[in-house]
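Just so it is clear, the structure is predicted and the values come from calculations on it, not from any experiment.
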Amino acid sequence: MALLAGIMVVAEQQTRLFDEAQKRLAIDSVKSQQTALLRTAIDYGTWEDVGIRVVQHAIYDWADEHVGHSIHRTFGIDAVFILMPDGRTVYGYRDGERVSLPLERAVGLGLTPLVSEARSLPVGEAVAGNVAYENGAALAAMTPVEMVGQTRDQPLPLLIFVQRLDGKLLESLSRIYSLPGLRLNPNAPTIATTVPVRTFDGATLSHMEWTGSALGMGLIEVALPIWVILALACSVGGYLMRGRIDAASKLLSIGEWRVRHDALTGLPNRVHLAERLEQACDLLAQGGQGFAVFYLDLDGFKAVNDTHGHDAGDQVLCAVAQRIRAHLDPSDLGARLGGDEFAVLLLPAPLPSFVESRATALMNAISRPIRLDSGVEVAIGATIGVSLAPQDASSPEDLLHGADKALYEGKRAGKRRISFAHRLGSRETAA
């Protein structure tokens, strides 16, 4: 009886621990999808043609082809809206066609706090969260639209992307993050394996549920027959239970790896980069060595995607990821942030001249022609924004923001170049 009681306690504990780990994976899976949507919104929000052609000149046929249809086909985003500062919706595109529909009629709970937050952001930044969309839950990202010639104190239009948290997306997340039968339940949860889907201000939209592992029951099913034969319970039962636990640990390890790595290229993702950058800043505060952050954006990638198709674009991203790996030292970290954006954490970075030589070598490597599976060779380039620690900043957020800003200025100055945050600051001071 004591052996049976011990088996029951271990089984219950293993089930509870595994369920808690899966809950963390479910929350991280939504955050990762929001981050990808946010970066895509920033890419289009900083595209000057959107402000000129759509907002200023109302060329909606152009917007259908280059914004609405493009993001629907390439990224699976379901809807796009442009909201003016006075609250008017001047453009809407949903499920493959243009619509004359005010944003507030399409998007419900969760919209107001996101819009309020987005209106306080500068161009190049965005906010993402969960919203109610067409009687269901969805992900939304909002970013200000860059308007040429507009002063800083004038309010900007907002570009809004919406992606349904529907069966197709849930099936993808279920496969990637090892959450069997992942689904939405708008009602109060009745099972343990569930997490709430909340809006930006904390209101509950729905619940994500999945089929629990029943790991503990599996342990009991293995151990109970052996318990009847006490002579074999100590040997065979212990061996089989260890196998079950090892299999569960392996499954969790795979899920943890996927949360911190990009599924396409295998590079670390934004979550992993943030963790390493936090560690580097902590070591720097304790007297450690300085380091550098590269923010990379590919030049000419959209043309490859549009001309040769999405599969060709994936091949280009994988080739770029491989070239980044080849130029990293063991202490460095390369990451894919989403879309055609990458980052490199250079540890250590003793001198700016050393950093510039490493950035130049990486930019030249990425610029070499890439042969696709079809036999066609394509050429792309890269613009790199660089921030140095501690010269430019000493916090993860400021270092990333500085590198991103330097990248943006490099793009504006002609692309395929390296732009340093501290040199940018000197130019602004001189001006």
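- Between E48 and R412, at least one side-chain N (NZ, or NE/NH1/NH2) sits under 4.0 Å from a carboxylate O, which counts as a salt bridge.
- A donor-acceptor pair under 3.5 Å is absent between the side-chain atoms of S172 and the main chain of K168, judged by distance alone.
- Looking only at atom types and distance, the side chain of D262 has a donor-acceptor partner in the side chain of T265 under 3.5 Å away.
- No donor-acceptor distance shorter than 3.5 angstrom exists from the side chain of D299 to the backbone of K415, with no hydrogens or angles considered.
- A distance-only check finds no donor-acceptor pair linking the side chain of T307 to the backbone of V304 [under 3.5 Å].
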- Message: With salt bridge (Lys or Arg N to Asp or Glu O under 4.0 Å) as the criterion, how do R39 and D43 come out once you've worked through the C-alpha distance, each side chain's angles and the decisive distance to 0.1 Å?
- Response: CA-CA 6 Å; R39 296 308 306 175; D43 287 344; 5.1 Å; no
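- A donor-acceptor contact shorter than 3.5 Å is absent between the side chain of D404 and the backbone of L400.
- In this structure, S174 contributes its side chain and L179 its backbone to a donor-acceptor pair below 3.5 Å.
- Here R98 contributes atom CZ and D61 contributes atom CG; the two are 5.0 Å apart, rounded to the nearest 0.5 Å.
- When atom types are taken as modelled, the side chain of T193 and the backbone of T211 share no donor-acceptor pair closer than 3.5 angstrom.
- Between R258 atom CZ and D28 atom CG the span is 14.5 Å, to the nearest 0.5 Å.
- A side-chain N or O of T199 and one of D201 form a donor-acceptor pair less than 3.5 Å apart.
- Shortest non-hydrogen contact noted between R119 and P85 is NH1-CA, 3.6 Å.
- Scanning all heavy atoms of the two residues, the minimum distance from V127 to E117 falls at CG2-CG, 3.8 Å.
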- Taking it one step at a time, do L296 and L362 satisfy side chain to side chain contact (heavy atoms under 4.5 Å, CB included)? CA-CA 10 Å; L296 293 79; L362 180 58; 3.8 Å; yes
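- No side-chain heavy atom of L184 sits less than 4.5 Å from a side-chain heavy atom of H207.
- For the residue pair Y91 and D64, a side-chain donor N or O sits within less than 3.5 Å of a side-chain acceptor on the partner.
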- Task: Please test K302 against D340 for salt bridge (Lys or Arg N to Asp or Glu O under 4.0 Å), starting from the C-alpha separation and ending with a verdict.
- Result: CA-CA 9 Å; K302 187 176 185 297; D340 59 346; over 6 Å; no
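- Judged as a ring pair (Phe, Tyr, Trp, His ring centres under 6.0 Å), the pairs with a partner in residues 263-289 (not counting sequence neighbours) are, in order, H261-H272.
- Rounding to the nearest 0.5 Å places CG of L25 at 8.5 Å from OH of Y177.
- Contact check for L165 versus Q33: no side-chain heavy atoms found under the 4.5 Å cut-off.
- Below 30°, between 30° and 60°, or above 60°: for Y44 and W47 the angle between ring planes is above 60°, a perpendicular geometry.
- Residues L158 and V145 share a closest heavy-atom pair of C-CG2, 4.0 Å.
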- Quick one: do R423 and E356 satisfy salt bridge (Lys or Arg N to Asp or Glu O under 4.0 Å)? Show the steps, please. CA-CA 12 Å; R423 295 175 184 172; E356 188 162 10; 3.1 Å; yes
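- Proximity of Q315 to I370: side-chain heavy atoms (C-beta onward) are nowhere separated by under 4.5 Å.
- Other residues, nucleotides and ligands contribute more than 12 heavy atoms inside 6.0 Å of the CD atom of E275.
- Counting all heavy atoms, side chain and backbone alike, V195 lies closest to A26 at CG2-CB, 4.0 Å.
- Checked by atom type, the side-chain pair D78/Q163 shows no donor-acceptor distance below 3.5 Å.
- Two residues are said to be in side-chain contact when any heavy atoms from C-beta on lie closer than 4.5 Å; L101 and R94 meet this criterion.
- Summarising the geometry of S395 relative to C281, their closest heavy-atom pair is C-SG, 3.9 Å, with the distance given to 0.1 Å.
- A salt bridge is absent between K23 and D19; no separation between the charged side-chain nitrogens and carboxylate oxygens falls under 4.0 Å.
- A donor-acceptor pair under 3.5 Å is formed between the side chain of T143 and the backbone N or O of E125.
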- Task: Using the side chain to side chain contact (heavy atoms under 4.5 Å, CB included) rule, take I366 and L298 through it: C-alpha gap first, then chi angles, then the decisive distance, then the call.
- Result: CA-CA 9 Å; I366 294 174; L298 302 184; 4.1 Å; yes
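- The closest donor-acceptor contact from the side chain of S206 to the backbone of N185 lies under 3.5 Å.
- In this structure, S29 OG and L170 CG are separated by 8.5 Å, a value rounded to the nearest 0.5 Å.
- Remark: L328 engages I324, D332, V344 in a side-chain contact (heavy atoms from CB on, under 4.5 Å) (not counting sequence neighbours).
- For the pair T194 (side chain) and M208 (backbone), a donor-acceptor distance under 3.5 Å is present.
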- Task: Go through the steps for Y295 and V386 under the test side chain to side chain contact (heavy atoms under 4.5 Å, CB included), then give the verdict.
- Result: CA-CA 6 Å; Y295 210 123; V386 182; over 6 Å; no
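- Taking both residues in full, the closest heavy atoms of F420 and P352 are given as CZ-O, 4.3 Å, listed atom of the first, atom of the second, then distance.
- Once rounded to the nearest 0.5 Å, the distance linking OG1 of T360 with CD1 of I384 reads 7.5 Å.
- In this structure the side chain of S387 never reaches within 4.5 angstrom of the side chain of H401, judged on heavy atoms.
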- Message: side chain to side chain contact (heavy atoms under 4.5 Å, CB included), that's the test. Do D49 and W62 meet it? Break it down for me.
- Response: CA-CA 10 Å; D49 282 356; W62 181 92; 3.6 Å; yes
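- The closest side-chain heavy-atom distance from V316 to L372 is below 4.5 Å.
- Between E171 and R183 there is no salt bridge, since no side-chain N of the basic residue sits under 4.0 Å from a carboxylate O of the acidic one.
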- Message: Would K411 and D297 count as a salt bridge (Lys or Arg N to Asp or Glu O under 4.0 Å) here? Give the steps.
- Response: CA-CA 9 Å; K411 285 279 193 179; D297 185 87; 2.5 Å; yes
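- Residues M142 and V115 meet the side-chain proximity criterion, which asks for heavy atoms closer than 4.5 Å.
- For N135, the CG atom sits in a loose shell: 12 or fewer heavy atoms of surrounding residues, nucleotides or ligands are nearer than 6.0 Å.
- Side-chain atoms of R336 never come within 3.5 Å of backbone atoms of L264 as a donor-acceptor pair (strictly under, hydrogens ignored).
- A 4.5 Å side-chain heavy-atom check between D95 and R164 finds at least one atom pair inside the cut-off.
- With sequence neighbours excluded, the residues satisfying side-chain contact (heavy atoms from CB on, under 4.5 Å) with V90 are Y60, I82, M84, R88.
- Atom CG of L103 sits about 5.0 Å away from atom OG1 of T89, to the nearest 0.5 Å.
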